[in-house]
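Report on the structure given below.
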Amino acid sequence: MSVTSESVTEEPDVRAVLRLAYGGQFAKALAEAVRLGLPDLAGDDFVPVADLAAATGTRREVLDALLRTLALAGTFAPDGAGGYRLSAPFAPLRADHPRSVRNMCVLMAGPYTDAFNGLGRTLTGGESGFRGVHGADLYPYLTEHPETAAVFDAAMAELCRPTAHALAGAYDFGEVRRVVDVGGGDGTLLDALLTHAPWLEGVCLDRPPVCARAAARPHAAGARLTFRPADVFAEVPADGDRFLLKNVLHDWSPDLQLRLLENVRAALARTEGARLLVLEPLFEGEEGAAHALAQMVICHDGSRPFTAAALRALFDRAGLAPLRTERLACGHHLFECVATSRPQGRPGPRERSAGQSAQAGQTPR
Ligand SMILES: C[S@@+](CC[C@H](N)C(=O)[O-])C[C@H]1O[C@@H](n2cnc3c(N)ncnc32)[C@H](O)[C@@H]1O
């Protein structure tokens, strides 16, 4: 269902217009199929729709329409005799697939797509559509909606796995002892790194409910991985010789990005030789536009896609200097940064006046 400029011809194409107009319906139908476990139930062999309806407690004729709708998008294949199976390219909808993105589908079709009802607000005022629609920014909203929050954590973990693999292959952790993941979610990235490098220990800093959920789950790294509840806009309260910030900075307005980096810089200063590894997607190419729009609608007021130049300018303002930049196989860009000596006259995070802190906005939790 992807729309690229290649698929656009010079002829009027009402079907193409309507296919796009129906897009939201497909996303919601896909998410409901995932919630019902249909990709797991309809295996490699055809399963009669009556059996699927019985297993999911749904009405056969409605379920049949749902499956036929998703068959239009290639998700399920009908056998023409009332049976369906999952099409091979959609295997990542299954819960047990190693590259499963089932939670991302549910998150995308739910609060993220709903946030696009606030697109007009983003277009005219530049503000978060998410906040306009849901009455709260993303993270306070998740605190109030624990079920969605668990889906969010799992969705982030799904997207994290290829990055963990790519980072472990691209970065030498040989001399490193302790890694602190700032806004590290459910610890998937750290768990993978610690499994790859069994001499490492890791501290995952995140909001209290995220840490509580994550700490209750088993991790391959066992006791080497710990979770510490924190508000990283107030302080980065852990020491280590490498700090990670993956897919965190772009969530925030420029003022809050700066505040966060200054707090990380203060933490770097506590350990000699400490470095910060920033991993961010830089939205490039045709498909980057859709990611960029989603970021503007869903993230904090004023969040905009990074270019490499914008990130470098932000690092500079925060007193950080990138030593190395690399595009990883997963598509993320890795910036390895050190703290620079702060230019005279520029205040550190703890030295800011109350007026300056207020300008930077409320701590977003
Ligand atoms: C987009 S997610 C990225 C998670 C993880 N780094 C990854 O790449 O999968 C941003 C994370 O920042 C966390 N976060 C948001 N506000 C925070 C705060 N004030 N203090 C600590 N963590 C926060 C969120 O709970 C979430 O886990």
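The first residue of the sequence shown is numbered 1, and numbering continues consecutively from there. Start at 1 and go down the list; that is how both ligands and their atoms are numbered.
- Neither the backbone nor the side chain of Ala157 comes within contact range of ligand 1; no heavy atom lies under 4.0 Å.
- Within 6.0 Å of the CZ atom in Arg324, the count of heavy atoms belonging to other residues, nucleotides or ligands exceeds 12.
- Considering backbone and side-chain N/O of Ala230, one or more are found under 3.5 Å from N/O of ligand 1.
- Distances below 4.0 Å separate heavy atoms of Asp251 from the following atoms of ligand 1: 1 (C), 10 (C).
- Residue Met156 has at least one heavy-atom neighbour below 4.0 Å for each of these atoms of ligand 1: 1 (C), 9 (O).
- The 12-atom threshold is exceeded at CZ of Arg224, counting heavy atoms of other residues, nucleotides or ligands nearer than 6.0 Å.
- Remark: Arg259 does not engage Asp231 in a salt bridge, criterion side-chain N to carboxylate O under 4.0 Å.
- We find that Lys28 and Asp114 are joined by a salt bridge, their nearest charged nitrogen and carboxylate oxygen being less than 4.0 Å apart.
- Ligand 1 has no N or O atom lying under 3.5 Å from any N or O atom of Val210, backbone or side chain.
- Looking at Asp181 next to ligand 1, no N or O pair under 3.5 Å apart turns up.
- Here the two rings, on Tyr141 and Phe152, have centers that are 6.0 Å apart or farther.
- Aromatic ring centres of Trp199 and Phe173 lie farther apart than the 6.0 Å criterion allows.
- Shown here is His165, whose NE2 atom has no more than 12 heavy atoms of other residues, nucleotides or ligands within 6.0 Å.
- Taking any N or O of Tyr139, backbone or side chain, none lies under 3.5 Å from an N or O belonging to ligand 1.
- Atom 3 (C) of ligand 1 has its nearest heavy-atom neighbour, among Leu249, Thr188, Asn247, in Asn247.
- Close contacts between ligand 1 and Phe233 involve ligand atoms 19 (N) [criterion: under 4.0 Å to a heavy atom].
- Tyr171 and Glu336 are linked by a side-chain donor-acceptor pair at a separation below 3.5 angstrom, with hydrogens and angles left out of the test.
- At a heavy-atom cutoff of 4.0 Å, ligand 1 is contacted by no atom of Leu244, backbone or side chain.
- Summarising the contacts of atom 6 (N) of ligand 1 with Gly185, Gly183, Ala214, the nearest heavy atom is found in Gly183.
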